[in-house]
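Take a look at the structure below.
Here is how names work: the chains are called A, B, and so on, in the same order as the sequence lines, proteins then strands, and each is numbered from 1.
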Amino acid sequence: MFTQAQKRKLHSVHSLLIGREFSGEIEAGRTKLKFVYSPSVATLANGRIELTGSFSVKSAAGVKKAAHVKATLLSTQGGIQSAPPPPAGATDSMLGAVHSSVLPATDATGSRGYAGVIYFKLSALNGAKLGVPFDLSAVQLNVRLNPIDETARTLQFWFSVAVNAVHGKEPNRNLASQSLDEINKLLSA
Amino acid sequence: MQTRQASGRKIYDAIIIGSGASGGMAAKELTERGFEVLLLEAGPPIDPKREFTMNKFGYESMYRGFGPTGWKQNEQWQQDTAGEFSRHFYIKDTEHPFTTDPGKPFLWVRARILGGKTLHWGRLSWRLSDLDFKAASQDGFDVDWPISYKEIEPYYDKAEEWVGVAGNKDGLWWQPDGKFLPPIPLTCGEQKLKTATEKLGWKLIQPRLAMLTAVKPQHRKYGRAQCHYCGSCGNGCSVGAMFNSISSTLPAANETKRLTLRTNSIVRHITIDTNTGKAKGVAVVDRLTHQELEFSGKVIIVAGSTLESTRLLLNSKSRQHPNGLGNSSGVLGHYLVDHFGGTGASGVMPMLAGREPVNEDGKSSGIFVPRFRNLDAKTKHPKFLRGYGFEGGSAIGAFPGIAKRLPGFGSEFKKQTRRWYTAPVGLTTRAAMLSRFENFVEIDPDGVVDAWGIPVLKIHIQHSDNEREMGKDAAASAAEILKQAGAEQISFSENLTVPGRIIHELGTARMGDDPKKSVLNKFNQVWDAKNVFVTDGAAFVGSANQNPTLTILALTIRACEYLTEEMKRNNL
């Protein structure tokens, strides 16, 4: 049992995209609980990108898992460093309009624009069942995309394309569909 | 710093939000004028003895000052200027989200810690002139500031004398002189650049820096010492030679015994008296315990840094202020600007190659080429409005940056590195960005929050062709100066920095003469709630091309003087 004072709301947690999973830690006092969100499918629901997968938390007591956890994309933060290279069959221009002026470009915009962080809202989780001493009814999952492996790098590219195609100024249904297909191939591989 | 315990029952004369340049100065000014002040800082306190690391040498760390692999990209990816020894001065991006549209990134460097960004700022301290304050009258774009240089000049004097600004009186009407400490001399390479720049008909002057080259009584009183040129200002200056809140304004405020400081206090919103529509205090969440608190004050000074201040106002919605506090005009959040850099040129000076290395980077300053475009009809540029200056210099650094540009390997590579290491030269642009309504911040409409559940900003900003034309001209001008100086292996940098990168984000709660077109009046007072003042960079009408902190300090002193008088007259 957790006391009322311990049941504070967990508003947002940070994670990193490693392979095809989002991994992070929840700080609970002096304890750090490792968690992994493993999406298995990406769809469009009510005009938003939505992932479905499992959320597992590792503690001294073992690993506890919640299945069918939905992660609905809320918003993004544009990336600043180098954009992920387009994988085979893709082009730079999928990331946005190519800068074609003779005037100088701005760093990290135009065809090199991409998502550096993606913010998702998780469907309600039961903290007690997962061994987390917080109210997890409305957790925001912040996913930093700083890939160090090929799967993550390719996922970052397709997530960036999908975000642009679904939530950008000029939505593109074909590109949205193509990018979600590519994401699903990677998630189920 | 020991102050008394903050009380939820007391009504403070003033609550100041933020302890950086503006908040620190407001604390000093108001406590010295007899105000009981509660200063709220969102971040932790700092122990300069332990946490200022200017004496740490890169080679003391196994990471050579660059930090362990991945720390920056995984935890502090936005904190571009943070290093291994200074990363604790900056926020963790993992806890502080913000959002942008796809393909329109913003780089947001933030310091939530006692002293704010004064712990690691660049220290360049320029006055603006009527070329900047009255720019719209000259070129017809946007509006003038509601103040003139004459009105703010005495406050620049006060700010410079308190802060201690090293500089030279150069007699340029558009770059006004001030109350300076002795200037920091140019290096040999910089003298060459000066000669070359002046041959082209432009000026090159010594930077005006908030570093003590001489110690006046007002500095000595708080233990500030003369700069000893260690060159590690950004790691925390533990002798107080560099101006920051910790060594200067906060000790002065604390000495009055009228300062109460509460760190780890994140202000959620400003609370409103439903009868009057005026502010009555602030709602706070403790950063560590997540405890919710409220404090009451007669006056609220918002000085949390440009975008955090505007975020707070936008989050302070009430029946009287349904779109955010101070937003009856619909202007709050709009006219966001940042200086841009990126364009410029670098190379090597053959006449300086192979010389005996000496400590040249310890002075931590270089040169400044003041604006030379659009000063008058003669200098009018056909393709862009306003102008830019150059920062740069020629000095041997601790790290041989030239090495990465040299080809080869082995002993010949080392020989070449040693030879060219003593001869670097570079210029980078600091340019004005036009204030446009369409560059703005809003509370993220999709509901993204930070680690404390506080709604975050969505930032919308892009450069226009005016900036791109200016950047193109700047790159060509920089190369021209280097060629004239006899530099070789000149390489160009042609992209503009991503907005935010220069860490001079300004505007979004602009001052003005018309309450329908501005958020603040000319004294930084919110039109819609006269006991609220916004004293940081949010108040700026335009960016000009000069570093903004000295103007922020001067405006803060002026606002504090005004509000003191208004309080005496019962007008708040």
Side-chain angles (χ1 to χ4, degrees), chain A residues 5 8-16 24-25 27 48 72-81 83 95-97 99 101-121 134 138-140 142 144-148 160-169, chain B residues 69-70 72-75 77-78 80 92-108 289-291 340 342-343 383 444-454 456 458-459 461-463 465 467-475 492-501:
Chain A
R8 77 167 163 82
K9 202 166 185 169
L10 192 69
H11 295 286
S12 74
V13 288
H14 171 68
S15 66
L16 290 172
E25 287 177 342
E27 281 191 42
R48 288 184 180 273
T72 308
L73 191 142
L74 297 175
S75 197
T76 60
Q77 187 183 98
I80 299 289
Q81 307 288 330
L95 290 170
H99 179 83
S101 167
V102 293
L103 296 174
T106 301
D107 282 340
T109 60
S111 65
R112 290 165 302 152
Y114 66 103
V117 188
I118 307 182
Y119 302 102
F120 293 97
K121 183 66 112 189
F134 298 124
V139 177
Q140 177 184 296
N142 310 335
R144 167 67 174 151
L145 308 174
N146 177 41
I148 51 170
S160 299
V161 173
V163 165
N164 227 355
V166 177
H167 303 285
K169 219 175 190 176
Chain B
T69 310
K72 199 156 190 172
Q73 280 307 311
N74 292 342
E75 291 176 15
W77 57 91
Q78 292 276 326
D80 204 53
K92 281 191 177 175
D93 291 295
T94 54
E95 295 176 333
H96 299 277
F98 68 92
T99 65
T100 66
D101 271 335
K104 295 183 192 170
F106 184 78
L107 194 145
W108 193 4
T289 65
H290 289 242
Q291 188 188 2
F340 69 86
T343 56
K383 291 194 170 168
D444 182 80
D446 297 307
V448 175
V449 295
D450 67 14
W452 298 269
I454 302 174
V456 307
K458 181 163 190 174
I459 301 175
I461 185 169
Q462 280 185 299
H463 290 126
D465 274 354
E467 286 84 47
R468 286 186 274 270
E469 289 283 7
M470 206 187 292
K472 189 178 172 190
D473 184 66
F492 302 90
S493 165
E494 288 189 321
N495 275 3
L496 312 184
T497 47
V498 68
R501 170 61 190 83

Considering all heavy atoms of both residues, which atom of [X] and which atom of [Y] are nearest to each other, and what is their separation?
X	Y	result
A/T109	A/T106	OG1-O, 2.8 Å
A/A108	B/P105	O-CG, 3.1 Å
A/Q140	B/P97	NE2-CG, 4.1 Å

Contact winner vs chain A - B/D101, B/T497, B/L496, heavy-atom pairs under 4.5 Å: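 Going by pairs under 4.5 Å, I would pick B/L496.
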Top of B/H290, B/K92, B/R501, B/H463 for chain A proximity - count of heavy-atom pairs under 4.5 angstrom: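 That would be B/H290.
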Can you tell me which portion of [X] sits under 4.5 Å from chain B's heavy atoms? Options are side chain, backbone, both or neither.
X	value
A/L74	both
A/A105	both
A/V117	side chain

Among [options], single out the residue with the greatest number of heavy-atom pairs under 4.5 Å to chain B.
options	answer
A/K169, A/R48, A/K121, A/K9	A/R48
A/G24, A/S75, A/S15, A/G78	A/S75
A/A138, A/G79, A/P104, A/G168	A/P104

Using non-hydrogen atoms and a 4.5 Å limit, figure out which bit of [X] sits close to chain A: side chain, backbone, both or neither.
X	result
B/D444	side chain
B/F340	neither
B/D450	backbone

Mutual orientation of the aromatic rings belonging to B/W77 and A/H14 [parallel < 30°, tilted 30-60°, perpendicular > 60°]: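 Geometry flag for A/H14 against B/W77: parallel rings.
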Side chain to side chain contact (heavy atoms under 4.5 Å, CB included) involving A/D107 - partner list, sequence neighbours excluded: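 Listed in chain order: B/N495, B/V498.
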Backbone of B/D80 reached by a side-chain donor or acceptor of B/K72 within 3.5 Å: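 Side chain of B/K72 to backbone of B/D80, a donor-acceptor pair under 3.5 Å: yes, one is there.
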Whether A/Q77 side chain and B/F98 backbone form a donor-acceptor pair below 3.5 Å: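 Confirmed, A/Q77 side chain pairs with B/F98 backbone.
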Those residues that, when tested against B/E75, pass salt bridge (charged side-chain N to carboxylate O under 4.0 Å, His left out) (two or more places apart):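 Partners of B/E75 under the salt bridge (charged side-chain N to carboxylate O under 4.0 Å, His left out) test: B/R87.
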